[in-house]
*Asks:* 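Below is the structure I would like to discuss, written out as structure tokens.
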Amino acid sequence: MLDMKYIRENLDETERSLRTRGGESYLGGFRDLDERRRTLLKEGETLKALRNTVSDEIGRTKDKSLVQDKIVEMREVSQKIKGLDEELNQVDDQLNSFLLTVPNIPHATTPVGISENDNVLVRSWGEPVTLPFKAMAHWDLGEDLGILDFERGAKITGARFTLYRGAGARLERALINFMLDLHGDAHGYQEVLPPFMVNRDSMQGTGQLPKFEDDLFKLVDPDFFMIPTAEVPVTNIHRGEILKKSDLPISYCAYTPCFRREAGSYGKDTRGLIRQHQFNKVELVKFVHPSESDAALETLTGHAEKILQLLKLPYRVMALCSGDIGFSAAKTYDLEVWLPGQSCYREISSCSTFGDFQARRASIRFREDEKAKPEFVHTLNGSGLAVGRTLVAILENYQQEDGSVLIPEVLRPYMGGMERISRL
RNA sequence: GGAGAGAUGGCCGAGUAGGUCGAAGGCGCUCGCCUGCUAAGCGAGUAUACUGGGAAACCGGUAUCCAGGGUUCGAAUCCCUGUCUCUCCGCCA
């Protein structure tokens, strides 16, 4: 959520920045609502002040017969107040739901552009593997090796659900442990294991609601949602809190499954593990002092990259353009891993800074010093990494001509020493 | 799922025949004084949001005693609904 006062004072400039995202108009109607609100507020508060002083007088007067006329008068005032309050509530609701649908202002360094074609290559690591034989796609490899069972997954639940078996299941678990260990031990993140369902307030705090309810799996009876990413429960750990400056930066890493409707992506990536309704992810989340957030995005992205480097998977880093960044993000780097089976780079991590956008929605603050007013922290997060897609990348990059798949060395201790997955 | 208890300021904790309660008291914290030994004492201060004025320091208004409604001239205090926490019973990984 953007700061109402900031919008009020920088309306044109804000509108201009927002339009680099590609929409037509973002702030139309704001000025009228805002002015209406302040007028109502002033009127109501003046009457309330009157009522307070007169009621005080009434209270002080022992002989109530002396103040009958005032009681009658105040009865009317109260009626008026009630009317004004009702109208104010409506305007407040309108203004609020309006503000909740306005996306974040792109960071000054976010490249301006319309679509993913305008994303900017920042750097690349490793050479895209060219295999001396015809590379297989991971879905064929996985089925041949008996470690991915797409048919059973579809039977148990439906399309975009997969059953992992044997070494496949273990490899997924190995990756989760490897990632958590690295981020926890080497990168200084505290591991957390949050709830996988969250309430409406949490979804609103990180920006999934109210705008993107269709992308979420929703429970019917308690008004809960399955998390689409650990970003939601983990960022909301500190919702409504005022942190100490000395607590910052706070760094969490979390493994969770993620649940996404993938509405609107029918027919896209229908084969294999790339786009599932349920997938595993290790997420990195940071709460930082505003002055640190730019640097924090770089280090956080580096932490995600480290996983790919240790797994020796070639990748590149893309700076997303203004038209491609998410609703809540100010700036985003995508990590894209090379997939020989498909001869292309595919997103495997997305690292973003949100500035104070989420912190304002979720009211996460800190004090510069004991007496200072609370200020909003900055929040960041990034996948470190999407586990299913990492498994895909391993299968495709480490495949051998005989159909077996070598296990990256760093994962072998997590696989009971196994060096290779072969056909049974 | 059944029965009961409770939710007050950073923390603890008063406050139920409605008014003088933004809220006693204690702790913690900040500043000052005193004192000279790792302490005690004394004094002052110590919530948040919105809003008006001011260049600013700051001053004023309104709201907030879990949340949302209601009664009333007036509610932390009365009524209704919801949420959460705790205890007991049942069930259960």
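Below, read A as the first sequence line, B as the second, and so on, with proteins coming before strands; counting in each chain starts at 1. The analysis underlying the following values was restricted to heavy atoms, covering all of them including side chains, and did not include hydrogens, waters or symmetry mates.
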*Asks:* Counting only side-chain N and O atoms of A/R365, is one of them less than 4.0 Å from OP1 or OP2 of B/A49?
*Replies:*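 Yes.
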*Asks:* What does A/K244 touch in the nucleic acid at a heavy-atom separation under 4.0 angstrom: a base, only the sugar-phosphate, or nothing?
*Replies:*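 Since no nucleic acid heavy atom lies under 4.0 Å of A/K244, the category is nothing.
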*Asks:* Between B/G53 and B/G36, how far is it from one C1' atom to the other, in whole Å?
*Replies:*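 Nearest-Å result for B/G53 against B/G36 at atom C1': 49 Å.
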*Asks:* Less than 3.5 Å apart, any donor N or O on the side chain of A/E213 or A/Q208 sitting next to an acceptor on the other?
*Replies:*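 Their side chains do not contain a donor-acceptor pair, so the 3.5 Å distance test is not met.
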*Asks:* With rounding to the closest Å, how many angstrom separate the C1' atoms on B/U35 and B/G41?
*Replies:*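 The answer is 9 Å between these two C1' atoms.
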*Asks:* Regarding A/E396 and A/Q342, do their side chains bring together a donor and an acceptor under 3.5 Å, going by distance alone?
*Replies:*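 There is such a pair between these side chains.
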*Asks:* OP1, OP2 of B/U51 versus side-chain N and O of A/R37: anything below 4.0 Å?
*Replies:*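 Indeed, a polar side-chain atom of A/R37 lies that close.
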*Asks:* Give one of base, sugar-phosphate or nothing for A/K42, where a contact means two heavy atoms less than 4.0 Å apart.
*Replies:*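 Nothing: the residue A/K42, judged by heavy atoms under 4.0 Å, touches no strand.
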*Asks:* Using a 4.0 Å heavy-atom cut-off, does A/R200 contact any base of the nucleic acid, only the sugar-phosphate backbone, or nothing at all?
*Replies:*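 It contacts nothing in the nucleic acid.
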*Asks:* Do A/E368 and A/H289 get their side chains close enough for a donor-acceptor pair, meaning under 3.5 Å?
*Replies:*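 Yes, a side-chain donor-acceptor pair sits under 3.5 Å.
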*Asks:* For the pair A/Y252 and A/H238, name the ring-plane relationship: parallel under 30°, tilted 30 to 60°, perpendicular over 60°.
*Replies:*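 Rings of A/Y252 and A/H238: parallel, as their planes differ by under 30°.
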*Asks:* For atom C1', what is the distance between B/U62 and B/G74, given to the nearest Å?
*Replies:*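 Nearest-Å result for B/U62 against B/G74 at atom C1': 16 Å.
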*Asks:* So does A/D269 pair up with A/R160, basic N to acidic O under 4.0 Å?
*Replies:*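 Salt bridge between A/D269 and A/R160, a charged N being under 4.0 Å from a carboxylate O: no.
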*Asks:* Report the distance from atom CG of A/L84 to atom C1' of B/C50, rounded to the nearest whole Å.
*Replies:*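 Those two atoms, CG and C1', are 16 Å apart.
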*Asks:* Give the rounded distance in Å between these two atoms: CD1 of A/I242 and P of B/G9.
*Replies:*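 Spelled out: CD1 on A/I242 to P on B/G9 is 13 Å.
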*Asks:* Could you give the distance separating B/C66 and B/C11 at their P atoms, to the nearest angstrom?
*Replies:*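 Each nucleotide's P atom is 13 Å from the other's.
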*Asks:* In whole angstrom, give the distance that lies between atom CG of A/L47 and atom P of B/C73.
*Replies:*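 The distance from CG of A/L47 to P of B/C73 comes to 16 Å, rounded to the nearest Å.
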*Asks:* With no hydrogens and no angle check, do the side chains of A/S404 and A/S422 hold a donor and an acceptor under 3.5 Å apart?
*Replies:*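 Their side chains do not contain a donor-acceptor pair, so the 3.5 Å distance test is not met.
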*Asks:* With a distance cut-off below 6.0 Å to the six-membered ring centre and an angular limit of 45° from the axis, does A/K245 pair with A/F366 as a cation-pi contact?
*Replies:*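 So A/K245 doesn't make the cation-pi contact.
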*Asks:* May I have the distance from A/I7 (atom CD1) to B/C50 (atom P), rounded to whole angstrom?
*Replies:*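 Answer to the nearest Å: 13 Å.
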*Asks:* In whole Å, what separates the P atom of B/C59 from that of B/A5?
*Replies:*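 Taking atom P in both B/C59 and B/A5, they lie 46 Å apart.
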*Asks:* A/D92 CG to B/A49 C1': how many Å, rounded?
*Replies:*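 In whole Å, B/A49 C1' lies 12 Å from A/D92 CG.
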*Asks:* On a whole-Å scale, what distance lies between the P atoms belonging to B/G28 and B/A39?
*Replies:*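 So the two P atoms sit 13 Å from each other.
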*Asks:* Could you give the CE-to-C1' distance, from A/M1 to B/C50, as a whole number of Å?
*Replies:*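 Going from CE in A/M1 over to C1' in B/C50 covers 13 Å.
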*Asks:* Do you see a donor-acceptor pair shorter than 3.5 Å between the side chains of A/R361 and A/T206?
*Replies:*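 There is no such pair (donor and acceptor under 3.5 Å, judged by atom type) between the side chains of A/R361 and A/T206.
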*Asks:* Is the shortest side-chain N/O distance from A/R38 to OP1 or OP2 of B/C50 below 4.0 Å?
*Replies:*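 False: A/R38 side-chain N/O out of range (4.0 Å or more) of B/C50 OP1/OP2.
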*Asks:* Does the ring center of A/H378 lie less than 6.0 Å from the ring center of A/F357?
*Replies:*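 Distance test on ring centres: not under 6.0 Å, no.
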*Asks:* Aromatic rings A/Y189 and A/H187: how do their planes relate, parallel, tilted or perpendicular, breaks at 30° and 60°?
*Replies:*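 Judged by the thresholds at 30° and 60°, the geometry between A/Y189 and A/H187 is perpendicular.
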*Asks:* Evaluate whether atom CD of A/E409 has more than 12 neighbouring non-hydrogen atoms of other residues, nucleotides or ligands under 6.0 angstrom away.
*Replies:*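 No - once you tally the heavy atoms of other residues, nucleotides and ligands closer than 6.0 Å, there are 12 at most.
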*Asks:* Check A/R19 with A/E15, please: is the shortest side-chain N to carboxylate O separation under 4.0 Å?
*Replies:*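 Result for this pair is yes, salt bridge flagged.
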*Asks:* Please report, rounded to the nearest Å, how far the P atom of B/G74 is from the NZ atom of A/K80.
*Replies:*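 Those two atoms, NZ and P, are 14 Å apart.
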*Asks:* Considering only atom C1', compute the distance from B/A63 to B/A76 and round it to an integer number of Å.
*Replies:*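 Straight-line distance between the two C1' atoms is 14 Å.
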*Asks:* Rounded to the nearest angstrom, tell me the gap between atom NZ in A/K373 and atom C1' in B/U48.
*Replies:*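 Taking NZ of A/K373 and C1' of B/U48, I get 8 Å after rounding.
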*Asks:* Determine the Euclidean distance between corresponding P atoms of B/A75 and B/G60; express it in Å to zero decimal places.
*Replies:*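 One P to the other, the span is 23 Å.
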*Asks:* Would you name the heavy atoms of A/C258 and A/P228 that are closest together and state the gap between them?
*Replies:*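 Result for this residue pair: CB-O, 3.2 Å.
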*Asks:* As a check on the pairing definition, encode RNA chain B in dot-bracket form, counting Watson-Crick and G-U wobble pairs whose two distances are under 3.5 Å, and using | for partners outside this strand.
*Replies:* ((((((((.[[[..)...(.....]]]((((((.......))))))(((((((....))))))).[[[[[..)....]]]]])))))))....
*Asks:* How would nucleotides 59-70 of chain B be written as a contact map, 5' to 3', with B for base contact, S for sugar-phosphate-only contact and - for no contact, using protein heavy atoms under 4.0 Å?
*Replies:* --BBS------S
*Asks:* Using a cutoff of under 3.5 Å, can you pull out all pairs of nitrogen or oxygen atoms linking the protein to nucleotides 16-23 of chain B, with atom names and distances?
*Replies:*
| unit_1 | atom_1 | unit_2 | atom_2 | d |
| --- | --- | --- | --- | --- |
| B/G19 | O6 | A/K64 | NZ | 3.4 |
| B/G19 | N2 | A/S55 | O | 3.1 |

*Asks:* Between B/U48, B/U51, B/C73, which nucleotide has the shortest distance from any of its atoms to the side chain of A/R75?
*Replies:*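 My answer, after comparing the listed nucleotides, is B/C73.
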